[in-house]
Amino acid sequence: MSSLSEEDRPIVQLLLSTGTCPRCILRFCCVGSQMLYRHPHKDLMKDLQEFLKNSQEKEDTVCLDVADPPCKRIRLEHGEEGADDLNHNGAIPLADDGNSATESPAVKVCNVCLGILQEFCEADFVKKVCQKVNSADYQFTSFVFSVSLPPQLSVRERAAWLGVKQQMRNLGLPLVKDDIVQLKEAYKWIIHPQLSEELGVPADGKSLFEVSVVFAHPETDKECHFLATACPDCFKPAKNKQSVFTRMAVIKALEKIKEEDFLKHFPCPPSSPKNLCDALEIQCNNGAVFVAGRYNKYSRNLPQTPWIIDGERKLESSVEELISEHLMAEFKADSFNFSSSGREDVDVRTLGNGRPFAIELVNPRRIRFTAEEMRRLQQAINDSSDKIQVRDLQLVTRSAIGRMKEGEEEKTKTYSALIWTEKAIQREDIAFLDDIKELKLDQKTPLRVLHRRPLAVRCRIIHTMKSEYIDEHHFRLHLKTQAGTYIKEFVHGDFGRTKPNIGSLLNRTADILELDVESVDVDWPPTLAD
């Protein structure tokens, strides 16, 4: 049962008199009733004032509402010794009759939450958030709500708590609690039901659709700067942070700083601000959607990904772009990430059943597609270019993509290579290649990829080979190899960096004229019926 007791009376009276809002007072009294926080601000103020008025006349606990599940709380005490010797600057003496708070004018902006549990819990702000969500045109069936708070709120909470601690000590009363309900949690208790009702979907902590609000309070931005002097190790620059004064850094510093040092730099209790917080940003974000399939590449002048060197595009398009432009448009995503089971060179075709690929669509507005809609999308991709074709296009999970990446190095691949030899050959000169099984290669990183891959010697296996004689200087070689084998280098030797190679096996100079990938033996994604 969530309640206020006689032990809470001095805390309530102090906080009311110093400009703390009713909901923050409930937090400092560790009240865990979610429903109670949802009561109107005026009603809560009236109830607290009535509590102070009547508390001396009643010995029993004043129950304010029904029980709720246990709530998260934030520790404000760290068991520091020497607390009785602290500078008690700023403690507010309490009148014995309990009427001082009722006689003081109400403070417009809370000195602890800076208005977050006041104005930003009202219906007008909730409607503003929902208008932003609805205008963004997302598909979603639930939502998770997140909030970013100014880091100085943690400093103000600590100052308010030290004020309570000082006052209780001055009155000779025990302080039986050393934690409070977290501001974020109390705010979500209030805002979740309103957002859910307005949006027409439930709040769900596991939802992939996130609604976030970023609060700032420029008036008090510098209030936590003194902590950088007291605890410099807590504030280290980070590449992705605009300021070193992050919420986590401030909390870490507050855990380290001694009470007497804190009281020298910050008023206790905290002063009342002139202005409310600003809601700097109201943002929506949908969890990524993953689309997989297989692609065939029929062009010998098409890279898998955009070919850009020193900012200059070398070819006008790529496999990645020909597929992704249609997906981006249909899913209305912000961006995408393309991955595949291996990759072919710009002049290599991919035939057979194609190469498995997956695309992560970041922050998509549309997330629901029927099987028929996916078939139409696949057809649109295929109709847009004669350089590629896509099959088995389907929605998949993030975890399923792992099967594709496993196959990239573990599975086998089949190739067809058109080979030229400097010296003339006869059928019998190449027939022995068909009898070679499980040929082990040592492949030093090819010169052509050395600029983007580390220098190493990789052991690879040619499982089988089958030769097809064409004329005195040409033959076709069909190979089944371990994934990751450099086929071009196996043919020409790469200046001796791949051993053995076709040139050394035939004892003559050999080079590769054409290469096709005939199969990528990864059983993913699942084959779909036409």
Side-chain angles (χ1 to χ4, degrees), residues 297 300 303-304 339-356 404-470 473-523:
K297 171 176 168 285
R300 295 196 187 277
Q304 187 194 63
S339 59
S340 64
S341 181
R343 59 186 297 137
E344 66 283 315
D345 291 339
V346 61
D347 58 349
V348 175
R349 297 187 302 177
T350 298
L351 309 176
N353 288 331
R355 185 184 297 277
M404 177 186 73
K405 302 309 288 184
E406 289 170 5
E408 185 173 338
E409 292 296 329
E410 297 176 4
K411 303 298 182 179
T412 60
K413 296 182 180 180
T414 305
Y415 297 90
S416 172
L418 178 60
I419 298 174
W420 167 86
T421 61
E422 182 180 25
K423 293 181 180 180
I425 56 172
Q426 301 301 321
R427 292 181 188 275
E428 55 269 22
D429 294 328
I430 60 173
F432 76 97
L433 296 174
D434 298 6
D435 299 325
I436 297 177
K437 311 295 181 187
E438 307 301 318
L439 177 66
K440 293 184 178 179
L441 309 181
D442 288 327
Q443 290 199 302
K444 189 178 289 187
T445 306
L447 293 172
R448 63 189 174 90
V449 300
L450 195 55
H451 65 285
R452 54 184 169 88
R453 293 197 175 176
L455 177 63
V457 176
R458 299 169 178 84
C459 181
R460 293 291 184 261
I461 297 175
I462 306 293
H463 297 296
T464 63
M465 290 184 283
K466 183 174 176 57
S467 61
E468 183 181 323
Y469 183 80
I470 298 176
H473 291 281
H474 300 89
F475 71 98
R476 187 170 294 279
L477 188 65
H478 300 275
L479 310 95
K480 186 172 185 179
T481 76
Q482 178 184 357
T485 304
Y486 292 107
I487 304 302
K488 292 179 178 179
E489 282 66 26
F490 171 61
V491 173
H492 59 61
D494 197 25
F495 301 100
R497 298 169 71 87
T498 289
K499 299 177 181 179
N501 55 70
I502 291 296
S504 65
L505 292 173
L506 296 179
N507 195 26
R508 67 198 67 200
T509 300
D511 204 352
I512 187 165
L513 302 181
E514 292 179 355
L515 180 63
D516 293 329
V517 179
E518 294 191 330
S519 72
V520 179
D521 300 329
V522 178
D523 187 22

- request: Kindly indicate whether the side chain of L441, heavy atoms from C-beta on, has any atom under 4.5 Å from the side chain of P500.
  value: yes
statement: CG of N501 to CD1 of I462, rounded to nearest 0.5 Å, is 11.0 Å
message: What I'd like to find out is whether the side chain of I487 reaches to under 4.5 Å of the side chain of V348, using heavy atoms alone.
response: no
message: Check E344 with K297, please: is the shortest side-chain N to carboxylate O separation under 4.0 Å?
response: no
- prompt: Does the side chain of R476 come within less than 4.5 Å of E514's, by heavy atoms?
  reply: yes
query: Which value, rounded to the nearest 0.5 Å, describes the distance between D511 atom CG and K488 atom NZ?
result: 10.0 Å
field: Spatial distance of atom NE2 (H492) from atom CD1 (I419) [nearest 0.5 Å]
entry: 11.0 Å
statement: Note: L505 and F432 closest approach over all heavy atoms is O-CZ, 3.5 Å
query: Which heavy atom in A483 sits nearest to a heavy atom in K413, and how many Å separate them?
result: CB-CE, 4.1 Å
message: Could you measure the distance from the CG atom of D494 to the CZ atom of R448? Nearest 0.5 Å is fine.
response: 8.0 Å
query: What is the minimum heavy-atom distance between D434 and S467, and which atoms define it?
result: OD1-N, 2.8 Å
- request: Check whether any side-chain heavy atom of L455 sits under 4.5 Å from a side-chain heavy atom of K444, and report yes or no.
  value: yes
- prompt: Of the non-hydrogen atoms in C459 and Q482, which two are nearest, and what is the gap between them?
  reply: O-OE1, 3.9 Å
- request: Using modelled atom types only, decide if a donor and an acceptor are shared between the side chain of D429 and the backbone of L506 within a distance under 3.5 Å.
  value: no
Whether Y469 side chain and I425 backbone form a donor-acceptor pair below 3.5 Å: yes
- prompt: Has the side chain of D345 got a donor or acceptor atom that lies under 3.5 Å from a matching backbone atom of D347?
  reply: no
task: Spell out, as yes or no, whether a donor-acceptor pair under 3.5 Å connects the side chain of Q443 to the backbone of E489.
output: no
task: Dump the intermediate steps for side chain to side chain contact (heavy atoms under 4.5 Å, CB included) on H463 and E438, then the final yes or no.
output: CA-CA 4 Å; H463 297 296; E438 307 301 318; 3.0 Å; yes
Main-chain N/O of S416 paired to E518 side chain as donor or acceptor, under 3.5 Å: no
message: Does any part of the side chain of Y486, heavy atoms only, come nearer than 4.5 Å to the side chain of V449, both counted from C-beta?
response: yes
task: Could you check if a side-chain atom of L477 sits within less than 4.5 angstrom of a side-chain atom of K466, using non-hydrogen atoms only?
output: no
task: Output yes when a side-chain donor or acceptor of H473 lies under 3.5 Å from a complementary backbone atom of T421, and no otherwise.
output: yes
field: Pairwise distance CG(L515) to CG(L418) - rounded to 0.5 angstrom
entry: 10.0 Å
message: Using the side-chain hydrogen bond (donor to acceptor under 3.5 Å, both in side chains) definition, which of the options R458, R497, R453 pairs with T445?
response: R458
- prompt: With a 4.0 Å cut-off, would you call R349 and D516 a salt bridge?
  reply: yes
message: Between R343 and P303 (side chain of the first, backbone of the second, donor and acceptor by atom type, cut-off under 3.5 Å), is there such a pair?
response: no
- prompt: Under the side chain to side chain contact (heavy atoms under 4.5 Å, CB included) criterion, do R508 and E422 qualify, and how do the steps go?
  reply: CA-CA 7 Å; R508 67 198 67 200; E422 182 180 25; 5.8 Å; no
statement: One should read off an interatomic distance between L479 CG and T412 OG1, to the nearest 0.5 angstrom, of 12.0 Å
message: Minimum heavy-atom separation for P356 and G354, please, with both atom names.
response: CD-O, 3.9 Å
task: Look at the side chain of T350 and the backbone N and O of V517, then say whether any donor-acceptor pair between them is shorter than 3.5 Å.
output: no
